[in-house]
Number of protein chains: 2
Amino acid sequence: MASDRRKARDSGSSVWLSGPPARHASGGQPHGLGLDKIVEATVRLLDAEGLAKVSMRRLAGELGVTAMSVYWYVDTKDELLELALDHVHEEIRLPADDVDWRERLRQLAREHRRMLVTHPWVSPLAGEYLNIGPRALAFAECAQEAIRDSGLPARSWLGALSLLFQFSYGFGTVEGRWRERCRSLGVSEDELHGEVMARLAGRSEYAVSLATVQARGEGAVGVLRERDFEFALDCAIAGITEMGRSGTGSVGGR
Amino acid sequence: MASDRRKARDSGSSVWLSGPPARHASGGQPHGLGLDKIVEATVRLLDAEGLAKVSMRRLAGELGVTAMSVYWYVDTKDELLELALDHVHEEIRLPADDVDWRERLRQLAREHRRMLVTHPWVSPLAGEYLNIGPRALAFAECAQEAIRDSGLPARSWLGALSLLFQFSYGFGTVEGRWRERCRSLGVSEDELHGEVMARLAGRSEYAVSLATVQARGEGAVGVLRERDFEFALDCAIAGITEMGRSGTGSVGGR
DNA sequence: ACCTGAACACCGTTCAAGT
DNA sequence: ACCTGAACACCGTTCAAGT
């Protein structure tokens with residue numbers, strides 16, 4: 001099953017039993033395809049057309065080559081998508097070490113969300129592959145180093161990080177999907193929001209939900225969403241701080 | 001494009017511009033297919049085989065019928081999947097009204113996670129369709145009613161709920177994927193965990209991540225994961241409580 | 001070492017036709 | 001009202017063959 005043909009691939013031993021290969025060919029060929037070029041084209045195509053529209057034939061067409069050529073560099077489509085997935089993690093800017101741990105976590109969550117919104121195809125892939133490519137790893141490690149300064153006992157580190165980054169993942173995912181929908185319908189976010197609100201208003205089943213959304217107050221959806229995100233982030237950080245202060249970080253009584 | 005053929009479908013006006021139809025045929029046909037039977041078979045097949053393996057032809061085969069028969073009840077595969085998605089929301093047990101709001105939210109998050117783990121195919125679908133079928137709506141409303149008792153100002157309700165349920169969504173999603181992987185590899189969770197840890201130990205790049213995971217302490221992965229989930233939940237609830245107490249629920253200073 | 005062409009076993013969906 | 005069969009325009013991937 002392995003990629004034993006390609007030169008300059010690492011030994012292929014993955015952390016996962018059926019897991020992804022990691023490194024790719026050293027940038028060598030002057031006029032060949034090259035894995036780098038393929039991955040970049042894949043990301044470009046994913047950004048432009050979305051996950052559903054990307055096929056090996058379509059990608060090959062973009063590269064001016066036959067579908068099967070790509071299979072010389074990659075064993076399966078999944079492997080290619082994993083490479084694309086890790087590739088965009090490069091865009092995540094990691095905070096400096098000397099910043100307060102709270103602010104470091106905040107920045108990481110914001111960057112995480114931004115990356116997911118910029119590349120909506122990342123969400124389903126990140127859910128599917130339990131991926132840790134080298135760039136995603138750098139992101140994860142930075143978060144782990146930040147939580148160490150929180151005062152939480154070590155046994156609670158993973159749980160706390162889970163709260164923060166499952167949140168930024170989910171938030172970025174639905175935000176990205178929403179913006180895709182706006183784009184594909186050719187309407188602005190505020191226009192679509194207005195339409196949806198109007199429809200909700202006509203249906204009594206949705207009364208509670210409508211009230212909750214309206215209770216956020218007036219303003220452009222982008223502004224309100226920003227406030228929601230920051231507030232949720234504040235809640236999470238406050239909760240982590242509180243749990244670090246109040247006790248041993250063990251699961252609270254019921 | 002609408003489903004103007006089928007009797008007893010509602011008028012098809014969705015909350016979303018390109019959105020899902022909602023109601024289905026009244027349980028009528030004595031020996032026909034019937035939408036209910038189709039949706040149930042779809043859920044069964046999704047549970048047994050996973051999202052990737054479910055096709056219209058495969059489903060039809062299961063029902064002893066031609067692929068095209070299903071298209072009399074449903075316009076597209078997406079529509080069918082949305083119906084299946086809402087269907088499993090019935091399994092979410094809603095807490096009683098007289099329970100403390102904190103415990104109501106906790107229970108909802110636990111049920112949400114449980115549903116996602118039971119039906120791993122739900123996660124990608126919930127991300128794709130910005131769905132609110134009738135059963136998912138009942139779940140959402142219950143959460144909204146709980147947050148009203150938190151003391152948070154109304155403008156912060158959505159942000160707080162977002163923290164909680166994006167978390168349970170993300171947590172349930174990776175847990176479900178992990179268990180699927182164990183099942184498909186035919187190994188127990190603890191076995192696979194041990195394997196992965198052993199591989200991590202051999203790679204210096206993963207030193208920090210390895211330490212974080214090990215810092216959780218000894219024990220079966222199921223137990224440790226349970227503790228992580230409950231701790232994260234406690235953090236979230238503590239944070240929401242704190243933000244409700246400390247101020248106006250506005251975004252805190254930086 | 002790198003790339004191609006034909007083929008296999010699939011998809012979702014349309015459309016005309018059957019009962 | 002409900003179901004079928006054939007067809008269209010796709011998929012990912014294998015395999016033998018080219019240069």
Side-chain angles (χ1 to χ4, degrees), chain A residues 1-9 18 20-21 24-38 41-42 45-46 49-84 125 128-129, chain B residues 1-9 18 20-21 24-38 41-42 45-46 49-84 125 128-129:
Chain A
M1 64 153 15
S3 42
D4 43 72
R5 283 165 294 161
R6 255 76 82 248
K7 253 203 286 192
R9 280 278 192 81
S18 69
H24 50 70
S26 61
Q29 309 85 332
H31 48 67
L33 231 45
L35 190 53
D36 293 337
K37 220 192 286 187
I38 291 176
T42 305
L45 198 56
L46 285 165
E49 311 264 6
L51 186 55
K53 295 288 197 45
V54 170
S55 73
M56 295 302 267
R57 290 176 227 255
R58 183 96 173 62
L59 170 67
E62 215 76 20
L63 288 161
V65 96
T66 240
M68 292 308 97
S69 306
V70 180
Y71 278 96
W72 196 86
Y73 296 89
V74 129
D75 281 330
T76 63
K77 188 187 180 184
D78 278 344
E79 187 184 319
L80 181 55
L81 292 178
E82 281 195 71
L83 291 171
L125 296 185
E128 192 173 340
Y129 317 123
Chain B
M1 65 153 14
S3 42
D4 42 74
R5 283 165 292 160
R6 253 79 79 252
K7 254 203 283 191
R9 283 278 194 81
S18 69
H24 51 69
S26 61
Q29 309 86 331
H31 48 67
L33 231 45
L35 189 54
D36 293 338
K37 220 191 284 182
I38 291 176
T42 305
L45 198 56
L46 284 164
E49 310 263 8
L51 186 54
K53 293 287 195 48
V54 170
S55 71
M56 295 302 268
R57 288 176 230 254
R58 185 97 172 60
L59 170 67
E62 216 75 20
L63 289 161
V65 96
T66 242
M68 293 307 97
S69 305
V70 180
Y71 278 97
W72 196 86
Y73 296 89
V74 129
D75 282 330
T76 63
K77 187 187 181 185
D78 278 344
E79 187 184 320
L80 180 56
L81 292 177
E82 280 195 72
L83 292 171
L125 296 185
E128 192 175 340
Y129 316 122

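Just so you know, these numbers come straight off a predicted model, no measurement behind them. Letters A, B, ... mirror the listed sequences (proteins, then strands); counts begin at 1.
One atom, CG of B:Leu35, and another, C1' of D:dC3, lie 16 Å apart when rounded to the nearest Å. In this structure, A:Lys77 atom NZ and C:dC10 atom P are separated by 18 Å, rounded to whole Å. Put simply, CG on A:Leu45 is 11 Å from P on D:dC11, counting in whole angstrom units. Atom NZ of A:Lys53 is separated from atom C1' of D:dA9 by 14 Å (rounded to the nearest Å). Atom CG of A:Leu51 and atom C1' of D:dC11 are 14 Å apart (whole Å). Between A:Trp72 atom CH2 and D:dT14 atom P the separation is 16 Å, expressed in whole Å. Put simply, CD on B:Glu79 is 15 Å from P on C:dG12, counting in whole angstrom units. The separation between B:Arg58 atom CZ and C:dG12 atom P is 12 Å, rounded to whole Å.
Nearest approach of A:Thr76 to A:Tyr71, heavy atoms of both residues: CA-CE2, 4.2 Å. Looking at every heavy atom in both residues, A:Thr42 comes nearest to A:Leu59 through OG1-CD2, 3.5 Å. Of all non-hydrogen atoms in A:Lys53 and A:Arg58, the two that sit nearest each other are O-CG, 3.9 Å. Of all heavy-atom pairs between B:Val54 and B:Lys77, the closest is O-NZ, 3.0 Å.
Closest approach to the A:Thr66 side chain among D:dC2, C:dG5, D:dT13 is made by C:dG5 (side chain taken as heavy atoms from C-beta onward). Distances from the side chain of B:Tyr71 to the nucleotides D:dG5, C:dA1, C:dG12 place C:dG12 closest. Of the candidates D:dG5, C:dA6, D:dA1, D:dG5 carries the atom nearest the B:Met68 side chain, counting heavy atoms from C-beta on. Side chain of A:Arg57, nearest nucleotide from D:dC3, D:dA7, C:dA7: C:dA7. Nearest to the side-chain atoms of A:Val65 among the listed nucleotides C:dC3, C:dG12, D:dG5 stands C:dC3.
Nucleotide C:dC15 forms a Watson-Crick or G-U wobble pair with D:dG5, both donor-acceptor distances falling under 3.5 Å.
A:Ser69 has a side-chain polar atom (N or O) that falls below the 4.0 Å cut-off from OP1 or OP2 of C:dT4. For the pair B:Tyr73 and D:dC2, the criterion of a side-chain N or O lying under 4.0 Å from OP1 or OP2 is not met. Distances shorter than 4.0 Å separate some side-chain N or O of A:Ser55 from OP1 or OP2 on D:dC11.
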**Message:** Does A:Leu33 form a side-chain contact (heavy atoms from CB on, under 4.5 Å) with A:Val65? I'd like the steps, not just the answer.
**Reply:** CA-CA 9 Å; A:Leu33 231 45; A:Val65 96; 4.2 Å; yes

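Among the protein residues, A:Met56 comes within range of the sugar-phosphate backbone only, with heavy atoms under 4.0 Å from sugar or phosphate atoms but none that close to a base.
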